[in-house]
Amino acid sequence: MDRFDFKFELLHICAQSGARLGRLHTPHGIIDTPCYMPVGTQATVKAILPRDLKKIGASIILSNTYHLFERPGHALVKEAGGLHQFMNWDRPILTDSGGFQVFSLAASNKIKEDGVEFRSLLSGQKYFFTPEFVMEIEEALGADIAMVFDECAPYPSEYAYAKAAMERTHRWAKRCKESHTRADQALFGIVQGGTFRDLRVESAKYLAELDFPGYGIGGLSVGEPKPIMYEMLEELMPFMPATKPRYLMGVGSPDCLVEGVIRGVDMFDCVLQTRIARNGLALTGNGKHMLRNAAYEHDFSPIEEGCDCYACKNGFTRAYIRHLVKCKEILAAQLITVHNLRFSLRLMEQVRAAIAEDRLLDLRDEWKAKGALD
RNA sequence: GGAUGGGUUCCCGAGCGGCCAAAGGGAGCGGACUGUAAAUCCGUUGUCAUAGACUUCGGUGGUUCGAAUCCACCCCCAUCCA
């Protein structure tokens, strides 16, 4: 494809909260921000059809470089015509770089200056990921947005280590940028720096200079208390280019989504919604409901009164879903997944509307009072 | 009627003199889950209770310092033989 202009329109800033309302243009469509991106690690958002993802308003989904590299292999995805065609999803896709896997599977990996040596947990095979190789994979996958290969320091980390990981991430970001060739794919840099303010600021500044079309904020929500994550966001945000989208990686729960938006985040992704769905936990406007629990045995109301998801609109009751969960029926995962995703996407729709009306803090407080953010 | 194998805590099922309130599953109950090694994982499940105490292994007796475990009789169940 020809060069694509990944224009990010900053439409409005909430007078009450400072939250940003925007619109990101990609080859496969426009994304209204702030947005929540459902995660489809293995080229599928678990337990839901692409058709239904579209229906509930998912404008972009995530997939994973590391997983697809291992299975089925990026060459195969390329042979299929790219990830969109392979998984039958014609809206935007963002691929994570595998940097998080380096961190989350650290026991079996060696981090070196040039890249990371992986011992695959799937096959036992050894691989060596360099920034250049990751770019090759991500280009073969062909997502609208690719992430640079980064190193995500765990929490807690020593200052020296967080600094070293951040600096390595910076060098890798530069190398990613230099080796990235697809003009129809945006490459986002990733801010690191652990839980250290000065590092976060330094990282934001450094990456801003590299001039990426968008920026991930990585290494947060990795076990640190929420106030620390919020503080880091507040510290680094003034140094993020205002005209570029900001993507808080791996976040989050309803409360983190709202608090993130208030602190200037434009994009989020999180596996929580789909994972807890498969474990019987539903998100609602008055808090989480563990539908497996005996409390719902005779509860013939929908997961959430007034919800417009397929499960809630079509007579699927809590009692029935509890039955399905207890029987480990696949339909339980499907129904709760569609609900949790719709809940989160609707939450973001409402957040966007509130930004436009300069009342996001009011909305946050209303939700808090109702328990929606518990 | 005879032979053999069995009857264990909600269920299945180990245990075969003390380390047994009794392995392991299942089921039940509860919890966790935030760039997905996750339709996963963890806890709990006799009673009262802090410790600790008390009642359990078909029934009744017995042997023993001590029995789910050994003995006797009885009651059930399964298979086979008449």
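In the text below, chain A, chain B and the rest are named by the order of the sequence lines, each starting its count at 1.
Under the Watson-Crick or G-U wobble criterion, with both distances below 3.5 Å, B:U60 is paired with B:A72. Base pairing annotation: B:G1 forms a Watson-Crick or G-U wobble pair with B:C81, both donor-acceptor distances under 3.5 Å. The pairing partner recorded for B:C19 is none, the criterion being a Watson-Crick or G-U wobble arrangement whose two distances lie under 3.5 angstrom. Using Watson-Crick or G-U wobble geometry with both donor-acceptor distances under 3.5 Å, B:U44 finds its partner in B:G28.
Side-chain contact check for A:H28 and A:D144: at least one donor-acceptor pair (N or O, by modelled atom type) lies under 3.5 Å. In the model, A:Y161 has a side-chain atom that pairs as donor or acceptor with a side-chain atom of A:E151 under 3.5 Å.
The residue A:D269 sits close only to the backbone: its heavy atoms come under 4.0 Å of sugar-phosphate atoms, none of a base. Using a 4.0 Å heavy-atom distance criterion, A:K288 is classed as making no nucleic acid contact. A:G219 comes within 4.0 angstrom of a base, heavy atoms only. Here A:L62 lies in heavy-atom contact (under 4.0 Å) with sugar-phosphate atoms only.
Protein atom OH of A:Y296 is 15 Å distant from nucleotide atom C1' of B:C29, rounded to whole Å. Put simply, OH on A:Y230 is 15 Å from P on B:U34, counting in whole angstrom units. Rounded to whole Å, atom P of B:U34 lies 11 Å from atom CG of A:N279. Whole-Å rounding puts the A:F100 CZ to B:U34 P distance at 8 Å. Between the CZ atom of A:R275 and the P atom of B:U34 there is a distance of 5 Å, given to the nearest Å. Regarding A:N293, its CG atom lies at a distance of 14 Å from the C1' atom of B:U44, rounded to whole Å. Nucleotide B:A39 holds its C1' atom 10 Å from the CD1 atom of A:I336, rounded to whole Å. Atoms CE (A:M37) and P (B:U36) sit 11 Å apart, rounded to a whole Å.
Minimum interatomic distance between A:D255 and A:L373 (heavy atoms only, all atoms of both residues): CB-O, 3.3 Å.
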Would you give me the side-chain donor-acceptor pairs under 3.5 Å for residues 60-67 of chain A, sequence neighbours excluded?
unit_1, atom_1, unit_2, atom_2, d
A:S63, OG, A:G40, O, 2.9
A:S63, OG, A:T41, O, 3.2
A:S63, OG, A:A43, N, 3.4
A:N64, OD1, A:Y66, N, 2.8
A:N64, OD1, A:H67, N, 3.0
A:N64, ND2, A:Q101, OE1, 3.0
A:T65, OG1, A:D96, O, 2.4
A:T65, OG1, A:E138, OE1, 3.4

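Annotation: cation-pi pair A:R263/A:Y230 present, NZ/CZ under 6.0 Å from the ring centroid and within 45° of its normal.
Taking atom C1' in both B:C10 and B:A22, one finds a spacing of 16 Å when rounded to whole Å. Spacing of C1' atoms, B:A82 relative to B:U47, comes out at 50 Å, to the nearest Å. Distance noted for atom C1' between B:C12 and B:G6: 15 Å (whole Å). Here the separation of B:C70 from B:G15, taken at their C1' atoms, is 15 Å to the nearest Å.
Closest approach to the A:V251 side chain among B:U34, B:G31, B:C33 is made by B:U34 (side chain taken as heavy atoms from C-beta onward). Nearest to the side-chain atoms of A:K326 among the listed nucleotides B:C29, B:A39, B:A37 stands B:C29. Counting only heavy atoms from C-beta on, A:I330 has its side chain closest to B:A39 among B:A39, B:U36, B:A38. Here B:G30 is the nucleotide among B:G30, B:G28, B:A38 with the atom lying nearest to any side-chain atom of A:A294. Between B:A38, B:A27, B:U36, one nucleotide has an atom nearer to the side chain of A:T274 than all others, and that is B:U36. Among the nucleotides B:A32, B:A37, B:A38, the one closest to the side chain of A:M290 is B:A32.
Judged by atom type and distance alone, A:R292 does not reach the base of B:G28 through any side-chain donor-acceptor pair under 3.5 Å. One N or O donor and one acceptor, one from the side chain of A:K226 and one from the base of B:U34, sit under 3.5 Å apart.
Taking the side chain as every heavy atom from C-beta outward, A:E178 and A:K174 approach each other to under 4.5 Å.
With a glycosidic angle no more than 90° from 0, B:A37 adopts the syn conformation.
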